[in-house]
Number of protein chains: 2
Amino acid sequence: MRNTQATQKIYDIIKDSEIALSHSEVQNMLPEGFCDRATIYRVLERLAQKGSIHKIVNVDGVINYAACEYAANTPSATHVHFNCERCQTVTCLEEIKPNFTLPKNYKIHQSNFVLSGICPNCSAN
Amino acid sequence: MRNTQATQKIYDIIKDSEIALSHSEVQNMLPEGFCDRATIYRVLERLAQKGSIHKIVNVDGVINYAACEYAANTPSATHVHFNCERCQTVTCLEEIKPNFTLPKNYKIHQSNFVLSGICPNCSAN
DNA sequence: ACTTTTATTGCAACACTGTTGCATTTGCAA
DNA sequence: TTGCAAATGCAACAGTGTTGCAATAAAAGT
């Protein structure tokens, strides 16, 4: 993978973000006209493919990207994300590792575990 | 909620299906020109609201609907769905109830737990 | 330092998904 | 049977994600 302006900047934005970001959120955080919409889609796809970032699908079906320390979507490192109904942010609950028995005959490649409700920040305000 | 043709038919399709269905799958299973696209969206939303069916978001962000015996997305009855990469079907793994400690200060209203990979059917063929 | 190769990008066009306003129809209760 | 509100059809729309192709730029070779 080549080290282009777009790749660097987009990766930095996701890495430096406390919360998971959707395509459109990334777009809004980039300087106006920095790069094309299609490029952002392609870069996000490439970074996820490579494993630098990973996908989280929230309860509305919106795809978010985050750079958690542990990959969230490999069977061995499954952890949960939280999607706030009020502020819409997606946060990583790295400390919660759900236990479940793997189903027989199913081959697991990915997981996406999401809880939604109200986050501590929104509860307080 | 009124008992209309569209509501009945769409509910029957979902109830009688072994797998969870997306909006477009429901549309394809209805007779040509049976009702408008918008109506299907509205009916699905209404049935989910009422609790007759529930939403499952697969790993690609596609929203599916199913009529599981136990609601899958209330915190108390969380269970897992499986999304096959090959045949794209979404099946309900009612027997798997993951254990996890609820996070402090977060108020949970919904959950969406999805595993993906290859289903037994596709593994065999 | 210059050339070559090929991954990446921009642009434009496109398909698909989901939503909304409004006039019309229909279920259901009075 | 009548009247009201819910539900529908239609059309227009916004947003999302994809694709083909020519232009550009990163990185390796000379």
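In this text the structure is predicted, and so the values were computed from the model without any measurement. A, B, ... follow the sequence lines: proteins, then strands. Residue 1 opens every chain. What's counted below: heavy atoms across the whole structure, side chains too, no hydrogens, waters or symmetry copies.
Here C/dA7 presents its P atom at 15 Å from CD of A/Gln49, a figure rounded to the nearest Å. Separating the CZ atom of B/Arg46 from the P atom of C/dT19 is a distance of 13 Å, rounded to the nearest angstrom. Residue B/Gln5 contributes atom CD, which lies 8 Å from atom P of C/dG27 at whole-angstrom precision. If you take CG of B/Asn3 and C1' of C/dT25, they are 16 Å apart, rounded to a whole angstrom. Here the P atom of nucleotide C/dA7 and the CD atom of A/Glu45 are 17 Å apart, to the nearest Å. Look at CD on A/Gln27: it is 11 Å from P on D/dG15, rounded to the nearest Å. Across the protein-nucleic acid pair, B/Asn64 atom CG and C/dT17 atom P stand 12 Å apart, rounded to whole Å. Rounded to whole Å, atom P of C/dT9 lies 11 Å from atom CD of A/Gln8.
Counting distance only, with no hydrogens placed and no angle test, the side-chain atoms of B/Arg2 and the base atoms of D/dA6 include a donor-acceptor pair under 3.5 Å. Below the 3.5 angstrom threshold, one finds no donor paired with an acceptor across the side chain of A/Arg42 and the base of D/dG17. No hydrogens or angles were tested; on distance alone, nothing pairs the side chain of A/Arg37 with the base of C/dG10 as donor and acceptor under 3.5 Å.
Close to D/dA25, at under 4.0 Å from its OP1 or OP2, lies no side-chain N or O of A/Thr4.
Contact detail for A/Ser17 and A/Ile19: the closest heavy-atom pair is OG-O, 2.6 Å. Nearest heavy atom pair, residue A/Leu115 against residue B/Ser111, reads CD2-CB, 3.5 Å. Smallest separation of non-hydrogen atoms from B/Lys55 and B/Tyr65: CG-CE2, 3.5 Å.
DNA chain C is contacted by both A/Ile40 and B/Tyr41; A/Ile40 maps to the nucleotide lying nearer its 5′ end (nearest heavy atom per residue).
For DNA chain C, the residues of residues 29-36 of chain A within the heavy-atom distance limit of 4.0 Å (strictly under) are A/Phe34, A/Cys35, A/Asp36, sorted by number.
The cationic atom of B/Lys9 (NZ for Lys, CZ for Arg) lies less than 6.0 Å from the six-membered ring centre of B/Phe34 and within 45° of the ring axis.
In this structure A/Tyr41 satisfies the ring pair (Phe, Tyr, Trp, His ring centres under 6.0 Å) test together with A/His23, sequence neighbours excluded.
The side chain of A/Thr39 lies closest to C/dT9 when the candidates are C/dT17, D/dG17, C/dT9.
Among the protein residues, B/Ala38 comes within range of the nucleic acid bases, having at least one heavy atom under 4.0 Å from a base atom.
Ring-plane geometry between A/Phe113 and B/Phe113 is classed as parallel, the angle between the planes falling under 30 degrees on a 0 to 90 degree scale with a further cut at 60.
Among the candidates B/Asn58, B/Val57, B/Leu44, the single residue satisfying the side-chain contact (heavy atoms from CB on, under 4.5 Å) test with B/Ile63 is B/Val57.
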